Structure formats: structure tokens, C-alpha cells
Number of protein chains: 2
Amino acid sequence: MSETRARLIETATDLFLGKGYGAVGTSQICSTAGVNKGTFYHFFPSKSALLIAAIEKYTKSFEDAFEQIAQSDAAAPEKLAALFEVPAAANRSWRKRNGFSQGCLLGNVIVELGTVDDAVRQASQKALRQWEKPIEPIIAEIAIFEGLHSLDTSKGARCVVSMIQGGLLLAKLNNDPGEISAMAPAALGALHTLSAKSKN
Amino acid sequence: MSETRARLIETATDLFLGKGYGAVGTSQICSTAGVNKGTFYHFFPSKSALLIAAIEKYTKSFEDAFEQIAQSDAAAPEKLAALFEVPAAANRSWRKRNGFSQGCLLGNVIVELGTVDDAVRQASQKALRQWEKPIEPIIAEIAIFEGLHSLDTSKGARCVVSMIQGGLLLAKLNNDPGEISAMAPAALGALHTLSAKSKN
DNA sequence: GGTGCAACTGACCGATCAGTCAATTTTTCC
DNA sequence: GGAAAAATTGACTGATCGGTCAGTTGCACC
């Protein structure tokens with residue numbers, strides 16, 4: 001893959017994280033990446049096509065980190081807590097570089113374009129499902145570890161993703177990555193009562 | 001307050017919920033509300049000023065609903081679950097009218113303008129804090145009811161708000177208001193382990 | 001019935017937006 | 001070394017954006 005293309009994706013991801021999709025123009029992406037307008041449209045047919053490429057790369061980096069946690073030899077509850085530290089750490093390092101918390105590219109895009117651009121919505125949907133994939137076996141481990149026999153691992157994984165996204169929203173609002181970490185201890189108990197209720 | 005002004009706020013709220021802030025132009029707001037451009041700017045100095053007015057009204061309606069739950073005579077855990085049904089019901093009725101789930105005005109705005117327009121960010125921050133206000137006494141009741149002596153009610157309320165926002169995001173993504181209700185049973189357990197961890 | 005003010009009109013503005021394109025340079029491969 | 005392909009250039013376009021403004025209407029109050 002072209003180096004210029006990769007730089008465009010990287011630059012766009014950073015800008016979209018910082019200011020959102022709509023607030024960043026193609027001209028700004030080009031000038032920041034040190035590339036001309038024509039080159040942009042040589043590699044991508046549209047601004048939203050670049051966004052989708054950015055989503056895919058962003059998703060993969062998180063999926064890999066989750067996968068690594070899933071395959072570590074930590075105890076199941078520790079793995080669960082570690083999941084929250086992935087976006088929390090990303091948030092902290094981004095904050096250090098740019099001076100403020102940025103939220104999540106997927107969350108941003110779902111909110112901003114979820115009901116406007118269907119290709120983007122589908123890409124985001126697929127992306128969040130890919131997050132769930134490495135999380136689900138961790139939930140299954142917890143179900144055994146904590147004796148939650150009736151826990152639906154799919155619902156559990158989705159609940160965890162939802163709590164991570166909630167934390168990311170508060171992190172952006174309050175400019176504090178700690179909001180994400182603060183949700184981590186709550187997740188284990190959430191799975192307990194999620195299991196109890198699904199018995200009905 | 002003027003009826004025209006109120007109609008502008010109402011129309012804008014609906015459009016912003018549906019397509020986001022950036023994707024809705026002032027011309028569309030005006031034509032939908034049956035008002036001329038000049039009238040718009042007679043009542044509001046800018047598009048973002050209208051947004052802030054919309055945020056305030058939107059926040060108040062949720063705050064009132066939460067307040068009513070807090071002062072009902074239901075058992076504390078039932079109150080907690082009822083909180084999630086407020087946005088879930090709003091989401092369902094909006095979906096029935098417009099054909100798709102819309103998420104939350106506050107969440108939308110935080111994501112889209114949180115790092116761009118500081119006046120809007122502050123208004124959203126204040127708004128979510130107002131949500132926490134009626135939620136906190138419910139958390140306090142639960143702390144007594146469930147014997148969670150070390151539970152920080154402020155942290156608990158924030159956690160619940162975060163879970164609601166997480167559910168709203170998934171509701172928008174998957175076009176399913178049920179995602180919000182699905183988070184409700186998880187909240188009680190979340191408070192349990194939040195309490196356990198804050199002992200440290 | 002006239003005066004003053006808020007409500008309202010709609011054509012208009014400069015800026016910016018995503019996207020285009022014909023021309024040029026660089027790379028690739030025989 | 002030469003031709004084809006890929007990468008790059010940057011001025012340009014039409015559309016749309018938020019916002020302006022000089023002027024008109026309608027209503028309340030004296």
C-alpha cells in the first residue's frame with residue numbers, strides 16, 4: 001500500500017478524532033498530510049471513503065489489543081478490567097499530545113453519520129461487532145469463573161462495549177480519560193445482574 | 001416566550017436528533033419550521049445559540065422524568081431500572097414517527113461539537129450534570145437498600161448516566177431502542193462492584 | 001389614529017465546502 | 001532508453017453554508 005495513502009489515513013484519523021468528521025475539511029486533511037487535493041482524490045473516491053478506510057484501520061488496532069488480552073494468562077476478571085484500559089490508554093496518550101480528550105472514532109462517526117451515510121453506518125456496525133469478537137470469550141471465562149450459568153456471552157460482550165463507549169463519551173465531555181477507567185470495576189457486577197435477569 | 005421561537009427550538013431538536021447538528025442547515029430548519037431566515041436570526045444570534053436553547057429544553061424534559069421516578073414510591077432497584085426506560089421510551093416513540101432510532105441530543109452534541117465549540121461543550125456538561133442530580137438520591141436509596149456502605153453516590157450516578165449514553169449509542173447504531181433497555185438490568189450489579197472497588 | 005417596537009420578509013453575501021481535471025513528474029518494467 | 005502506468009500538481013467549479021440587512025407588516029398602547 002502506498003505510503004502517501006497510509007499518511008492520509010493516519011492524518012485523517014487524528015483530525016477526525018480531534019474535531020469530528022464534519023468539522024474537518026478535505027483541504028485541511030491535505031495540507032496537514034502534505035498532499036495535494038488531486039492526490040487525495042487519486043487514492044480515495046470521496047471523503048467518506050477515506051473515513052471508512054480510517055475506521056477499518058482504527059478498529060483493527062483495538063481488536064488486536066483486545067485479542068492480546070483475551071489470550072493472556074491473567075484471571076478472567078482482570079482481563080475484563082484490562083479491556084477498559086485499552087481505550088483509556090489511547091485516550092491518555094492522545095490527550096498528552098493534543099491537550100484534550102478525544103473520545104472514540106467509532107462513537108464519533110456513529111453519532112455524526114449513523115443516520116446520514118449508510119455505508120459509514122454499516123462500516124461502524126461491523127467495526128463494533130469486531131470489537132465484540134475477542135471480548136466474548138473473556139465473558140465466557142467470567143461466566144465459568146463466577147458461576148454465571150445463564151449469562152448470554154453475546155449480550156455480555158455488547159454490554160461491555162456499551163459501557164466502554166459510555167466512558168469514552170464522558171471522557172471527551174469532561175476532558176478526562178479517567179472516566180473510562182472508572183467504568184471498569186462496574187463491568188463485572190453488570191455481568192452478574194445481566195445473568196440473573198436473563199434467567200427470566 | 002414567542003410561539004415562533006418555541007417552534008424553531010422544537011423543529012431544530014427534531015432535525016438535530018435525526019441528522020446531527022452539522023448535517024442540518026439553517027435553511028432547512030427555517031423551511032421545516034415555516035419561518036424565514038431573517039426571523040430565525042431575529043430570535044437567535046447564531047445556529048449554535050439555537051442549539052444551546054434546544055439542549056436546555058431537551059435536558060429539562062429528561063430531568064423532570066427522572067425527578068418523577070426519584071419521587072415515586074417504587075422500590076429503589078425498580079427506580080433504577082425505570083431510569084433507562086425514559087430514554088428508551090423516547091427513542092421508541094421517535095422511531096415510530098421517523099422510522100429509525102435517533103440516539104440522544106446530548107450525546108450527539110458532545111461528540112460533534114465537544115472539542116470545537118466551547119459554549120456548547122459547557123452547556124452539555126451542565127446538562128448531563130443536571131441528569132445526575134435526580135439520579136443521585138436513587139443511588140443513595142440503593143446503597144441503603146442493598147447495603148452498599150462504601151458506594152460513592154456521585155460516581156454511581158455518573159456510571160448510570162454513562163451506561164444510558166452507551167445504550168443510546170448502540171440504539172442508534174443498530175436502529176433498536178431495545179439496546180437501551182438491555183442495559184437496565186446491568187446497572188444494579190454495576191453499582192455493587194463499583195462500591196466494592198471504592199473500598200480500596 | 002398615530003406612534004413605536006417587535007415580528008417578520010426574502011433577496012443577497014462572502015466564505016468554504018467536496019470534488020474535478022488537464023497537465024506534469026516519477027516510477028516501473030521490458 | 002523508451003513507453004506505459006502510477007503518482008502528483010494546483011487552479012478551478014458549482015453548490016451550499018451561516019449569516020446580513022434594508023425594508024414591511026401587525027399589534028399594543030396612548
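Naming convention: chains lettered A, B, ... in sequence-line order (proteins, then strands); numbering from 1 in each chain. Since the structure is predicted, the reported quantities are computational estimates derived from the model, not experimental observations. Heavy-atom basis, side chains included; hydrogens, waters and symmetry copies ignored.
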Could you walk me through whether A:Phe62 and A:Cys104 satisfy the side-chain contact (heavy atoms from CB on, under 4.5 Å) test, starting with their C-alpha distance in whole Å, then the side-chain angles of each, then the deciding distance to 0.1 Å, before giving a yes or no? CA-CA 11 Å; A:Phe62 277 85; A:Cys104 171; 6.0 Å; no

Would you mind telling me which of D:dA7, C:dC8, C:dG10 lies closest to the side-chain atoms of B:Ser2? C:dC8

Under the 6.0 Å and 45° cation-pi test, does B:Lys47 pair with B:Tyr41? no

Protein-nucleotide distance (A:Glu3, atom CD; D:dA6, atom C1'), rounded to Å: 15 Å

Salt bridge B:Glu179-B:Lys172, side-chain N to carboxylate O under 4.0 Å: no

Separation of A:Phe43 atom CZ from D:dA5 atom P, in whole Å? 17 Å

Kindly give the atom pairs (protein nitrogen or oxygen, nucleotide nitrogen or oxygen) under 3.5 Å for nucleotides 3-6 of chain C.
none

Residues B:Lys60 and B:Asp64 bridged, charged N to O under 4.0 Å: yes

Under a 4.0 Å N-O cut-off, is there an ion pair linking B:Arg97 with B:Asp14? yes

For atom CG of A:Asn36 and atom C1' of C:dT25, their distance in whole Å: 13 Å

NZ/NE/NH1/NH2 to OD/OE distance under 4.0 Å, A:Glu85 and A:Arg92: yes

Take B:Leu128 and B:Gln165 through the side-chain contact (heavy atoms from CB on, under 4.5 Å) test and state the conclusion after the steps. CA-CA 10 Å; B:Leu128 272 197; B:Gln165 286 293 337; 4.0 Å; yes

Could you encode protein contacts along nucleotides 12-26 of chain D as a string, one character per nucleotide from 5' to 3', using B for base contact, S for sugar-phosphate-only contact and - for no contact, with a heavy-atom cut-off of under 4.0 Å? ------BBBB-----

Atom CG of A:Leu8 and atom P of D:dA7 are separated, to the nearest Å, by 12 Å

How about B:Gln28: does its CD atom have over 12 heavy atoms from other parts shown lying under 6.0 Å from it? yes

